[in-house]
Amino acid sequence: PKPVKVFILAGQSNMEGQAVADLAGKDYNEGRGTLKALLADPKKAAIAKHLVDANGKWTVRDDVHVHYRREKQPLLAGPLSIGFAVYGGTHHFGPELQFGHVVGDRFTEPVLLIKTAWGGKSLYKDFRPPSSGGEVGPYYRKMIDEVREVLKDRPHELAGFVWYQGWNDGVDPKMAIPEYERNLVNLVHDVRKDLKAPKLPVVIGELTGAWVDAPPEWEKLRKAQAAAAERPEFRGNVLFVPTRDFVRPAKESPNPGHGHHEFGNAETYLLVGDALGKGMVKLLDTPAP
């Protein structure tokens with residue numbers, strides 16, 4: 001068989017997946033901003049029409065598979081569709097959904113997405129890479145170990161790494177934010193070293209959040225994310241992808257009180273996944289410097 005193209009999707013709760021597919025009622029703002037509502041909007045349905053089949057069921061893509069080992073919960077693994085989110089079931093999704101469609105369209109080979117994402121985790125401590133000194137983050141080790149375990153004895157090509165994280169560092173402006181750029185640069189170097197992929201394409205997704213006009217600490221973190229991608233040694237194989245413009249109003253979303261999760265808005269998560277996927281394809285199609 002052809003070696004599978006492997007992409008690692010890493011981060012915290014936003015990468016875990018918080019978008020609501022089809023829940024309604026008073027607990028979900030009467031279904032506003034869900035994927036079902038998006039498909040019912042003639043002005044916006046085109047961006048999601050590939051996610052439902054002729055019978056109105058969620059499509060399943062057999063050439064793209066997802067492996068997501070949630071913390072203290074059963075493994076989620078199988079062909080790409082709705083449901084590879086932290087809650088399981090068939091009512092939520094994350095950036096992996098549209099990302100998988102974008103990279104799946106790029107390759108004739110099968111694609112595997114390995115999600116290594118855990119809620120409430122910082123780069124400063126939890127994902128702290130070895131090159132940053134101090135105690136290596138337990139979730140850095142967990143991420144590397146999981147990827148190695150999944151790929152053991154499997155023909156594969158490690159094709160890309162996506163980092164979509166920032167909230168837990170953003171709420172620590174004294175310690176975490178000043179180190180964020182350095183820690184993110186070290187993360188890229190160390191992931192490449194530990195997975196033996198020295199030129200592994202890396203996409204850094206901007207902290208999205210409900211802070212389009214960010215207070216100073218969030219803006220500093222976003223600038224640190226962009227600055228890390230601009231390092232000279234990363235030219236041509238690391239890309240910063242803006243996402244802040246994808247935030248939708250709380251009142252038009254299923255989880256109005258969850259600004260830290262983009263209000264669970266399905267359109268937001270689809271656009272984020274699309275941007276991350278297109279950013280990765282751009283790197284893959286850019287000749288090496």
Side-chain angles (χ1 to χ4, degrees), residues 7-21 23 27-29 33-35 66-76 82-100 113-128 137-140 142-143 146 161-172 176-177 180 183-184 187 203-212 214 217-218 221-222 224-225 241 243-244 246-248 250 253-273 275-276:
F7 295 89
I8 303 165
L9 307 182
Q12 55 180 122
S13 59
N14 297 19
M15 182 61 92
E16 283 186 312
Q18 304 288 336
V20 180
L23 298 173
D27 291 336
Y28 293 92
N29 198 20
T34 65
L35 184 56
V66 185
H67 182 284
Y68 176 30
R69 186 172 296 284
R70 300 168 294 164
E71 194 160 34
K72 299 178 182 178
Q73 296 185 74
L75 169 70
L76 298 176
I82 302 293
F84 288 100
V86 64
Y87 307 107
T90 58
H91 301 298
H92 295 84
F93 64 93
E96 79 289 333
L97 183 61
Q98 183 60 14
F99 179 92
L113 310 180
I114 304 176
K115 283 184 64 167
T116 54
W118 301 276
K121 301 298 180 282
S122 70
L123 177 57
Y124 176 74
K125 181 179 179 180
D126 301 299
F127 276 100
R128 191 174 187 85
Y139 287 87
Y140 176 87
K142 187 176 178 68
M143 172 177 66
E146 283 198 10
F161 178 85
V162 179
W163 180 250
Y164 186 46
Q165 182 273 348
W167 169 270
N168 273 68
D169 293 85
V171 296
D172 184 3
I177 291 180
Y180 195 90
N183 287 336
L184 185 50
L187 179 78
V203 167
I204 298 169
E206 180 183 35
L207 173 66
T208 308
W211 321 279
V212 177
E217 57 267 33
W218 298 112
L221 187 136
R222 285 166 158 166
Q225 291 176 320
V241 173
T243 67
R244 70 173 72 191
F246 303 146
V247 177
R248 298 296 177 257
S253 302
N255 303 136
H258 294 192
H260 54 302
H261 291 153
E262 292 79 43
F263 310 118
N265 190 283
E267 183 183 9
T268 298
Y269 275 81
L270 280 182
L271 292 172
V272 168
L276 297 176

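- Residues Pro95 and Tyr269 have side chains in contact (heavy-atom distance under 4.5 Å, counting atoms from C-beta outward).
- Separation of atoms OG (Ser13) and CG (Asn168) is listed at 7.5 Å; rounding is to 0.5 Å.
- By the side-chain hydrogen bond (donor to acceptor under 3.5 Å, both in side chains) test, Lys121 pairs with no residue at all, sequence neighbours left out.
- In this structure, CG on Asn29 lies 12.5 Å from CG on Leu23, to the nearest 0.5 angstrom.
- If you check the side chains of Gln18 and Asn255, you find no donor sitting under 3.5 Å from an acceptor.
- Note that CD of Glu96 and CD1 of Ile114 are 13.5 Å apart. Values are rounded to the nearest 0.5 Å.
- Residues Ile177 and Asp172 have side chains not in contact (no heavy-atom distance under 4.5 Å, counting atoms from C-beta outward).
- Cation-pi check for Arg244 over Phe246 is not met; the charged atom does not lie both under 6.0 angstrom from the ring centroid and within 45 degrees of its normal.
- Annotation: side chain of Leu113 is in contact with side chain of Phe99 (closest heavy-atom distance under 4.5 Å).
- Using a 4.5 Å cut-off on side-chain heavy atoms (C-beta onward), Trp218 and Leu207 make contact.
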- Query: Between Tyr28 and Thr34, is a side-chain contact (heavy atoms from CB on, under 4.5 Å) present by the stated rule, with each step listed?
  - Reply: CA-CA 9 Å; Tyr28 293 92; Thr34 65; 5.6 Å; no

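- Between Ser253 and Asn265, the side chains place a donor N or O and an acceptor N or O closer than 3.5 Å (distance only, hydrogens not considered).
- A search for side chain to side chain contact (heavy atoms under 4.5 Å, CB included) contacts involving Ala85 returns His92, not counting sequence neighbours.
- Between the Glu16 side chain and the Gly94 main chain, no donor and acceptor come within less than 3.5 Å of each other.
- Of the possible donor and acceptor atoms, none in the side chain of Glu262 sits under 3.5 Å from a partner among the backbone N and O of Thr268.
- In this view, Arg70 and Tyr68, Gln73, Pro74, Leu76 satisfy the side chain to side chain contact (heavy atoms under 4.5 Å, CB included) rule, not counting sequence neighbours.
- Side-chain contact between His67 and Leu75 is present, with at least one heavy-atom pair separated by less than 4.5 Å.
- No side-chain heavy atom of Phe84 sits under 4.5 Å from any side-chain heavy atom of Leu97.
- A heavy-atom distance below 4.5 Å is not found between the side chains of Val20 and Leu35.
- Side chains of Thr208 and Tyr164: a donor-acceptor N/O pair is present below 3.5 angstrom, by distance only.
- Aromatic ring pairs are classed by plane angle as parallel below 30°, tilted from 30° to 60° and perpendicular above 60°; the pair Trp167 and His260 is tilted.
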- Message: Val241 vs Glu206, test: side-chain contact (heavy atoms from CB on, under 4.5 Å). Steps then yes/no.
- Response: CA-CA 6 Å; Val241 173; Glu206 180 183 35; over 6 Å; no

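- Between Phe7 and Lys115, the closest side-chain pair of non-hydrogen atoms is not below 4.5 Å.
- In plain terms, the two heavy atoms of Leu184 and Ile204 that are nearest each other are CD2-CD1, 3.7 Å.
- Separation of atoms CD1 (Ile8) and CD (Glu146) is listed at 10.5 Å; rounding is to 0.5 Å.
- Once rounded to the nearest 0.5 Å, the distance linking CZ of Phe127 with OG1 of Thr116 reads 6.0 Å.
- Interatomic distance, NZ of Lys142 versus CG of Asp126, reported as 12.0 Å (0.5 Å rounding).
- Enclosure of atom CZ in Arg248 by more than 12 non-hydrogen atoms of other residues, nucleotides or ligands within 6.0 angstrom is indicated.
- Remark: the backbone N or O of Tyr124 is paired with a side-chain donor or acceptor of Arg128 at under 3.5 angstrom.
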